[in-house]
Each structure stands twice: as structure tokens, then as C-alpha cells.
A.B. asks: 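Encoded as C-alpha cells, here's the structure I'll be asking about.
The figures here come from the full heavy-atom set of this structure, side chains too, leaving out hydrogens, waters and symmetry mates. Note that the structure is predicted; figures quoted are calculated from it, not measured.
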Amino acid sequence: MKILFLDQSGKPGGAELCLLDIAKTYRGCLVCLFADGFFRTMLEEEQIPVKVLATAIDVQKDSSTLQGVYSIGRLLPLAISVARLSRKYDLIYANTQKALVVGALASVLSRRSLVFHLHDILSLEHFSKTNQRIAVTLANRFASLVIANSQASQSAFIAAGGQAKLTQVVYNGFNLAAYRDIASQRQPTRQALGFTDRDFVVGHFSRLAPWKGQHLLIEALTHCPESVSAMFVGDALFGERDYVTQLQQQVKDLHLEHRVRFVGFRSDVAELMAACDLVAHTSTAPEPFGRVIVEAMLCGTPVVAAAAGGAMELVADGVTGWLVAPGDPVKLAAVIVQCYDRPSIAQEIAATAQIQASQRFDLTAIARQIDRILVRVVG
Ligand code: UDP
Ligand code: GLC
């Protein structure tokens, strides 16, 4: 099957990393991006054909209105280019909401089927009413299938007016081979990072953005023993520089400089997770899926997540990890202290999580599931 993938971002967020894994399995595909960036390089490194269609368009991922950014004058030429390209493909696969806008128009022009991979929770915490209405209307009217990345994303889509019969939940898949023997990286990576055996390292892996809640982990440290430190892996991908300044100030104000480390965006997430004693996910708004939660499980590192959205489908509290109320640094600290005090129990839970995650999120099985439903759309 020949698929034309569309994604608005040139930067590797979770939706883009998920697309990369799916596109890898379709050799006759093309990925069109509406912005240039490191994500293009990552696709090229995997020998996935990629084309950057418009570098002049401002594609702030979290911008609340689609209309402002996408005036029709800017949209049409892009949609026409996509329509022209799509004639050589069986299917247009929109991976983000702005890609849905362009893909919907293009699908009308080229009479190709449209699939929308929904990576977002369409609620007011994430998107304006107008934005939600545009996404739902276009999906209802033009898409043959909406792949929701979790039941939480599917429910929000339906609650916002989306047609239930269009939707199918497919979780993100992960390449299990990348996690085999990852535990052997623990000591060398800790050494390279300068952590000793006495340090209890809580890792946070996410782009730096207010709703990802890095500030909560910093606050939680004040309720933990001195030997607990935090490592933040990730960068401000979509222009959240003020939040970065705010985090740095918070660390200074709380005199935590010696216990907090920001290491920026890294491509060796699995190795870094294996080096941590606990991975914390702290989103303040419901997480649509939460790749980092599954990645921590696959690494065999205990994980604590914010109890909302897709995270509730990934973690069984006290069995495969811990769930704490979003926005509560004291409860988060309590879990950290529990893992610090009783590492063997934490390890047991992490081992159960690792087995379960390998069974539920195997990329091979998930890619097969996606292929089956796409074949039905094209057929
Ligand atoms: N990630 C990465 N390098 C970093 C920080 C994060 O490669 O420095 C990856 C992380 O491993 C995960 C993705 O970015 O696969 C983030 O996806 P998630 O679904 O957790 O959140 P999103 O940012 O998409 O909302
Ligand atoms: C989006 C969501 C994230 C999800 C990812 C992959 O970026 O914010 O929760 O894990 O897509 O589906």
C-alpha cells in the first residue's frame, strides 16, 4: 500500500515518533512535513522518503486556533500541492490536526481516502472550542477512519461531536529489540552522567512545557530525602522558553541546584531511563497516550504517572506502576519516598510492568493491526 503521510511539525514530538515507526513499515510511502527540522533528519536516517512542503508557515503545535495560523490563502496552495502528490498514493494519512485540515481539502481535490491519526485529547484543557469543532467537523465529513491513540482520546473525540463509528483505538507500538539488555546500560550511563550509587535518580522525559508539569517534580523534591535528585530530559520544542526560565528560577529559589539537572533533548532515551531509579510522568492535563510511560516500563524502570487520560490505560496502580492525582507534588513525593525506601518492591512492580508492556505494545503486532484497518479503508 502506498501512503502519503502528512505532519505539521518538523520537530520530533510523540506523534511524530509514532509516525516514524508506522512509516518505516511502508516502503512505498512519502512523509510530507509542513515545517523543517530535526524530525526530517530522523526520517532520512531511517531511509523514509520525506518532503518539506512549506517552511514559511508558523506551525505552533499548541496554538489554540487553527484559523489564525491557517488563513485560506496559505492553506490552499499547500492543499493543492498535497492533492497533486497524493495522486500517486492510495491514501492520505493525516497525523496532526493541521495536517487534517490540509489533508481534508487535498482528499476532496484528488479523491483519495483520508485517515486521521488522532494523537490529542480534544478537550478545553488542550484546545479551544473552535479548534475542536474544526477538527471534528473535518474528520466527520472527510475521514474514512479516525485512529485514536487511546480510549481517552477516542472518548473526547466522540464527546466533542465526532462520529463513534469512524473511530478505532490503536495504541502506540514500540520496537522491543531496542530494549533488550538495556539494563546492562545502567551502570555505564550513571557513571557518564556523574551519578553515584548513593544517588536516587528520578528521571523526567518530556518536552519542557507547562502542561507536562516539570515544576511539580521540582516541588516534590523538597519533600524527599537529600539524596533524591531529578534529571529532566527534553527541550522546549514548541517555543515554551518562558517556562524554561520559570523552571530554572524555581530551582534557584528552592536551592535545589545540586539536585536538579536539565540535559536537553536526547536520542538515547532508553539508556537514560535504564539509568534512573524511577521515571516520573507529571502532566497536569490528561495525557492523550504517554509514550514515555510505556518506554519506562519497557526499560524495567519503575514509573509513576499522573492519573488522567491515556495514562490510566497504561498503568495499573500498585501493580505495574503508580498513579497519583495530577498536580499534587506531595502525593508524587510520597511515591518517590516509597520507592526510595523499598527498592525491591519497586523493582518487582517494574518487572511485572516490563512483561506486560512487551505484550501490549509490540510494534510488530500494532503495525499489523494498523495495516489491517488501512487495507479495509483502501479496499
Ligand atoms: N523524547 C526524546 N528525547 C527527549 C525527550 C523525549 O526522544 O529528550 C521522546 C520520548 O522518548 C517519547 C516522546 O519524545 O517517545 C514524547 O512522547 P510522549 O507521548 O510521552 O509525549 P508528547 O511530547 O508527544 O506529548
Ligand atoms: C501526542 C500526545 C502523547 C502521545 C503521542 C503519541 O504527542 O501528546 O500523549 O503519546 O501523541 O500518540
Side-chain angles (χ1 to χ4, degrees), residues 1-9 13-34 39 43 46-51 53 79 82-120 135-136 138-151 153-154 157-158 162-176 288-289 291 294 310 360-379:
M1 193 179 342
K2 295 184 76 185
I3 304 181
L4 179 63
F5 292 98
L6 304 179
D7 194 294
Q8 71 200 48
S9 176
E16 288 68 37
L17 296 175
C18 174
L19 168 67
L20 187 131
D21 282 334
I22 297 168
K24 244 190 259 179
T25 63
Y26 293 97
R27 280 302 155 190
C29 76
L30 174 67
V31 178
C32 281
L33 305 179
F34 305 164
F39 181 44
L43 289 160
E46 296 287 346
Q47 275 91 48
I48 298 169
V50 54
K51 197 174 173 74
L53 277 185
V82 170
R84 260 194 219 120
L85 281 170
S86 67
R87 297 211 168 92
K88 289 196 210 129
Y89 295 87
D90 303 314
L91 188 77
I92 300 174
Y93 190 115
N95 197 54
T96 57
Q97 292 195 48
K98 285 160 194 164
L100 170 66
V101 180
V102 174
L105 271 170
S107 74
V108 174
L109 294 171
S110 68
R111 300 188 186 178
R112 289 295 179 274
S113 302
L114 174 71
V115 168
F116 176 38
H117 198 148
L118 174 66
H119 292 279
D120 297 310
V136 162
L138 291 176
N140 281 348
R141 174 78 186 75
F142 300 106
S144 307
L145 167 72
V146 176
I147 299 175
N149 66 351
S150 64
Q151 286 163 28
S153 296
Q154 179 192 43
F157 175 78
I158 296 167
Q163 289 176 29
K165 67 175 195 299
L166 282 179
T167 64
Q168 177 123 9
V169 175
V170 182
Y171 290 137
N172 280 214
F174 297 81
N175 174 17
L176 302 185
F289 176 75
R291 289 176 61 87
V294 177
R360 292 179 74 198
F361 307 106
D362 176 5
L363 180 60
T364 314
I366 283 171
R368 236 183 267 134
Q369 188 188 357
I370 291 183
D371 190 59
R372 268 199 304 272
I373 54 180
L374 295 186
V375 164
R376 246 182 276 142
V377 169
V378 171

A.B. asks: Taking everything shown except K2 itself, do over 12 heavy atoms lie less than 6.0 Å from its NZ?
C.D. replies: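 Yes.
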A.B. asks: Distance check, rounded to the nearest 0.5 Å: D90 atom CG versus C29 atom SG?
C.D. replies: 11.5 Å
A.B. asks: How many angstroms lie between atom CG of D120 and atom CG of N149, to the nearest 0.5 angstrom?
C.D. replies: 7.5 Å
A.B. asks: For the NZ atom of K98 and the CG atom of L6, what is their distance to the nearest 0.5 Å?
C.D. replies: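 Answer for the NZ-CG pair, K98 versus L6, is 14.5 Å.
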A.B. asks: Identify the heavy atoms of S150 and P288 that sit nearest to each other, and give their distance.
C.D. replies: OG-O, 2.5 Å
A.B. asks: Measuring only between side-chain heavy atoms, which start at C-beta, is F39 closer than 4.5 Å to L20?
C.D. replies: yes
A.B. asks: Evaluate the ring planes of F174 and F289, with Trp represented by its six-membered ring, and classify them as parallel (under 30°), tilted (30 to 60°) or perpendicular (over 60°).
C.D. replies: parallel
A.B. asks: Say you draw a straight line from CG of L19 to CG of L17; how long is it, rounded to the nearest 0.5 Å?
C.D. replies: 9.0 Å
A.B. asks: Heavy-atom distance under 4.5 Å between the side chains of L43 and L33, does that happen here?
C.D. replies: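 Yes; the side chains approach each other to less than 4.5 Å.
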A.B. asks: Would you check if the side chain of T96 reaches a backbone N or O of Q8 as a donor-acceptor pair within less than 3.5 Å?
C.D. replies: yes
A.B. asks: Quick one: does N95's side chain have a donor or acceptor within less than 3.5 Å of a partner on H117's backbone?
C.D. replies: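 No, the answer is negative, given that no donor and acceptor are paired below the 3.5 Å cut-off.
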A.B. asks: Between atom CG of L85 and atom CG of L30, what is the distance when rounded to the nearest 0.5 Å?
C.D. replies: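 It is 6.5 Å, given to the nearest 0.5 Å.
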A.B. asks: Does any non-hydrogen side-chain atom of L374 lie less than 4.5 Å from one of Y26?
C.D. replies: yes
A.B. asks: Going by heavy atoms in the side chains, are Y93 and I147 under 4.5 Å from each other?
C.D. replies: yes
A.B. asks: Any side-chain heavy atom of C32 sitting closer than 4.5 Å to one from F5?
C.D. replies: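 With C-beta onward as the side chain, the pair stays apart.
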A.B. asks: State, yes or no, whether a side-chain contact exists between I366 and N172 at a heavy-atom distance under 4.5 Å.
C.D. replies: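 Side-chain contact under 4.5 Å: no.
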A.B. asks: Quick check: closest heavy atoms across Q154 and T167, and the distance to 0.1 Å?
C.D. replies: NE2-OG1, 3.0 Å
A.B. asks: Quick check: closest heavy atoms across R360 and Y171, and the distance to 0.1 Å?
C.D. replies: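 Closest approach of R360 to Y171, heavy atoms only: NH2-CE1, 3.8 Å.
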A.B. asks: If you round to the nearest 0.5 Å, how far is CG of D362 from CG of L176?
C.D. replies: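 Here the rounded value is 4.5 Å.
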A.B. asks: Does R368 pair with D371 as a salt bridge, N-O distance under 4.0 Å?
C.D. replies: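 Answer for the salt bridge query: no.
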A.B. asks: Under 3.5 Å, which donor-acceptor pairs link side chains of residues 99-114 to any protein atom two or more places apart or in another chain?
C.D. replies:
| unit_1 | atom_1 | unit_2 | atom_2 | d |
| --- | --- | --- | --- | --- |
| S107 | OG | G103 | O | 3.4 |
| S107 | OG | A104 | O | 2.8 |
| S110 | OG | S86 | OG | 2.8 |
| S110 | OG | A106 | O | 3.0 |
| R112 | NE | S86 | O | 3.3 |
| R112 | NE | Y89 | O | 2.7 |
| R112 | NH1 | S110 | O | 3.1 |
| R112 | NH2 | R87 | O | 2.8 |

A.B. asks: Looking only at heavy atoms, what is the nearest atom pair of S9 and E16, with distance?
C.D. replies: CB-OE2, 3.5 Å
